[in-house]
Amino acid sequence: MVGDNSFVVVANRLPVDLVYGQWVPSPGGLVAALEPVLQAHHGCWVGWPGVVDAAMEPFHDRNVLLHPVPLDQQDYEQFYEGFSNATLWPLFHDLIVPPVYDQSWWETYRSVNEKFATEVAAVAADNATVWVQDYQLLLVPGLLREMRPDLTIGFFLHIPFPSPDLFRQLPWRAELIAGLHGADLVGFQRSRDEENFRAIVDADITTGTFPISIDPSTFGPVEQEIVAKLREQLGSPHTVLLGVDRLDYTKGILQRLTALEELYDEGQVHDVTFIQIATPSRERIDHYQQTRSAVEEAVGRINGRFGEIGRPVVHYYHRQMQKAQLRNYYAAADIMLVTPFKDGMNLVAKEYVACHPEGNGALVLSEFAGAAVELHKAHLCNPFDTESIKSAILDAISAQGSEAARTTMQELNQQVNDFTVARWAETFLNELNATRSRAGKENA
Ligand code: ADQ
């Protein structure tokens with residue numbers, strides 16, 4: 001028996017969180033971008049609700065039908081924390097920390113991917129389109145293809161794809177590649193990721209590059225009074241720097257703190273305040289705990305060395321924030337620091353740019369973030385080189401208020417307004433349909 005959904009999105013997480021016993025929409029542009037498609041095509045979303053051992057019936061949220069996939073504690077530890085986030089995540093981010101290769105994690109990863117595929121196979125209508133998201137579900141396209149050859153299957157990888165030499169380390173590399181072969185179209189953030197993937201697969205798999213984006217309309221207009229108040233609360237510093245990240249070792253948070261500390265130490269900056277907002281993330285994994293300790297130690301040290309009463313140099317928040325509040329911080333910041341060692345895209349960079357339609361503000365951006373391809377006019381830096389981060393910050397400070405800085409920020413803003421997440425989804429889905437029609441004709 002088949003289901004009646006002609007469009008199915010499958011992702012590790014459902015786009016909702018359970019907060020004090022209530023389901024609340026989880027922040028993220030993906031659901032906003034896909035909502036119209038889901039509604040127009042009688043679609044549904046298959047994913048884990050984020051709570052272990054939750055036995056739940058399908059339910060509606062914002063008019064989208066959500067199909068929960070239950071995971072137990074072992075699934076959570078071995079599939080999510082283990083294989084997804086301690087094996088694939090570090091391997092796909094170029095070994096910033098060493099990946100762990102563990103046979104039992106792999107077996108759980110495979111069995112959880114089977115659970116997701118089985119659920120999708122049950123809810124998808126005849127000839128439905130299924131869009132599989134990200135590195136937690138690399139086996140789903142292949143498993144689904146066996147269960148339901150009638151489906152059109154797309155896959156999008158949100159994180160980078162490593163170079164062939166790194167990927168070959170993975171003991172289960174052949175199985176993962178076979179999994180992706182089940183897709184009609186495999187999409188990447190950057191052409192470099194697509195090239196890395198193409199170097200290890202047969203020519204017959206269709207791939208494409210589709211840089212993800214945001215919905216700029218959710219980032220404006222900004223209330224100037226609130227922004228002015230925020231700057232006042234900070235003590236009206238000359239320059240406000242901002243960082244917004246999940247607290248993850250890929251994001252280079254410690255490196256930007258080190259750069260700031262050295263700039264203060266050398267007397268190159270004065271009256272500069274840095275706000276770092278870090279969302280708690282994957283907190284039970286060792287390397288995340290180590291990163292948090294190192295970041296918090298640096299914050300304390302910098303404030304101890306250079307802060308004054310009522311005027312710390314670094315304001316550090318380790319918590320999730322509402323998008324509306326985040327928007328005020330983006331708008332208030334003179335310079336945004338986005339310095340990951342490696343990042344599939346980095347939506348924070350685009351969100352900041354979306355909050356600066358008038359052209360004030362500046363973006364310091366790692367050349368290793370996918371966003372650097374489109375936002376190449378930002379102050380690019382190499383996060384492995386503290387001098388490079390420092391000089392990008394100094395360049396941005398000295399250009400503050402200039403006509404050239406304004407023109408650059410307006411161009412970046414235009415780019416983000418033109419290439420929205422809705423356009424990303426539409427481009428991917430059009431290409432997926434075109435690929436499937438070509439294949440249909442060839443087989444006819
Ligand atoms: P992430 O690694 O999570 O995403 P990013 O693209 O920056 O990184 O997205 C983070 C999102 O979380 C942003 O929308 C941001 O606003 C939000 N966020 C961060 N800190 C927050 C806080 N304290 N409070 C509230 N919201 C906060 C992965 C890949 C990226 C890729 C995206 C999408 O690692 O490279 O860009 O998927 O494909």
Side-chain angles (χ1 to χ4, degrees), residues 9-12 78-80 82-96 98-118 120-121 129-149 151-210 212 342 344-345 370 428 431-432 435-436 438-439 442-443:
V9 174
V10 49
N12 174 49
Q78 301 199 337
F79 154 77
Y80 179 74
F83 199 80
S84 296
N85 288 320
T87 305
L88 293 177
W89 179 268
L91 178 65
F92 282 38
H93 287 87
D94 293 357
L95 319 185
I96 297 162
V100 177
Y101 300 124
D102 181 303
Q103 182 66 25
S104 57
W105 290 2
W106 158 251
E107 281 160 17
T108 306
Y109 181 84
R110 197 174 48 203
S111 79
V112 169
N113 271 247
E114 279 163 4
K115 281 191 200 178
F116 276 88
T118 306
V120 176
T129 295
V130 178
W131 193 359
V132 186
Q133 310 286 329
D134 227 359
Y135 63 101
Q136 301 92 349
L137 304 178
L138 292 165
L139 300 177
V140 167
L143 293 163
L144 260 185
R145 179 63 67 213
E146 275 178 29
M147 296 174 191
R148 292 285 305 273
L151 300 176
T152 297
I153 305 170
F155 180 89
F156 184 76
L157 186 68
H158 290 255
I159 67 173
F161 195 87
S163 72
D165 278 349
L166 294 186
F167 185 75
R168 282 193 199 102
Q169 287 192 0
L170 189 70
W172 310 279
R173 60 194 185 190
E175 288 91 334
L176 289 191
I177 294 301
L180 287 176
H181 259 103
D184 294 289
L185 174 65
V186 181
F188 298 90
Q189 302 270 29
R190 301 178 314 160
S191 51
R192 186 76 56 84
D193 303 313
E194 186 184 354
E195 285 158 19
N196 284 343
F197 180 70
R198 295 214 66 92
I200 49 159
V201 293
D202 305 338
D204 66 351
I205 184 162
T206 306
T207 57
T209 294
F210 307 89
I212 198 168
K342 189 91 186 184
M345 175 54 58
F428 182 93
E431 184 62 29
L432 177 59
T435 309
R436 189 65 172 174
R438 280 198 299 273
E442 278 162 23
N443 295 337

Exercise for review: Would you check, one step at a time, whether the test side chain to side chain contact (heavy atoms under 4.5 Å, CB included) holds for E195 with S191?
Suggested key: CA-CA 6 Å; E195 285 158 19; S191 51; 4.2 Å; yes
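- Put simply, the side chain of N113 reaches to within 4.5 Å of the side chain of L143, judged on heavy atoms.
- Considering only heavy atoms from C-beta on, F83 stays 4.5 Å or farther from T108 through its side chain.
- Outside the 6.0 Å centre-distance limit, the rings of Y135 and F92 are not counted as a close aromatic pair.
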Exercise for review: Begin from the C-alpha positions of V140 and L138 and carry the test side chain to side chain contact (heavy atoms under 4.5 Å, CB included) through to its verdict.
Suggested key: CA-CA 6 Å; V140 167; L138 292 165; over 6 Å; no
Review point. Would F210 and E431 satisfy side chain to side chain contact (heavy atoms under 4.5 Å, CB included), going step by step from the backbone distance to the final call?
Key: CA-CA 10 Å; F210 307 89; E431 184 62 29; 3.8 Å; yes
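- Every residue meeting the side-chain hydrogen bond (donor to acceptor under 3.5 Å, both in side chains) condition with D193, not counting sequence neighbours, appears here in chain and number order: R190.
- One distance of note links CZ of R173 with CZ of F167; it measures 8.5 Å at 0.5 Å rounding.
- Looking at heavy atoms from C-beta onward, F156 lies in side-chain contact with W131 at the 4.5 angstrom threshold.
- Between Q78 and Y109, every side-chain heavy-atom pair lies at or beyond the 4.5 Å cut-off.
- Partners of D165 under the side-chain hydrogen bond (donor to acceptor under 3.5 Å, both in side chains) rule, at least two apart in sequence or in another chain, are R168.
- Within the 4.5 Å cutoff, the side chain of W106 has heavy atoms near those of the E175 side chain.
- Y101 places no side-chain N or O within donor-acceptor distance of the main-chain N or O of W172, the cut-off being under 3.5 Å.
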Show me the side-chain donor-acceptor pairs of residues 180-189 shorter than 3.5 Å, one per line, residues at least two apart or across chains.
unit_1, atom_1, unit_2, atom_2, d
H181, ND1, I177, O, 3.3
D184, OD1, R145, NH2, 3.4
D184, OD1, R436, NH1, 3.2
D184, OD2, R145, NH2, 2.8
D184, OD2, I153, N, 2.7
Q189, OE1, I212, N, 3.1
Q189, NE2, H158, O, 2.9

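- Side-chain atoms of D102 and T87, non-hydrogen and from C-beta on, never get closer than 4.5 Å to each other.
- Residues E194 and T209 have side chains that bring a donor and an acceptor to within less than 3.5 angstrom of each other.
- Residues A121 and R148 approach most closely at O-NH1, 2.8 Å, considering heavy atoms.
- Closest of all the heavy-atom pairs between D94 and L166 is OD1-CD1, 3.6 Å.
- By the 4.5 Å heavy-atom criterion applied to side chains, P90 and L95 are not counted as neighbours.
- When all heavy atoms of Q133 and Q136 are compared, the pair lying nearest together is O-OE1, 4.1 Å.
- Counting heavy atoms from C-beta outward, L144 and V130 have side chains that approach closer than 4.5 Å.
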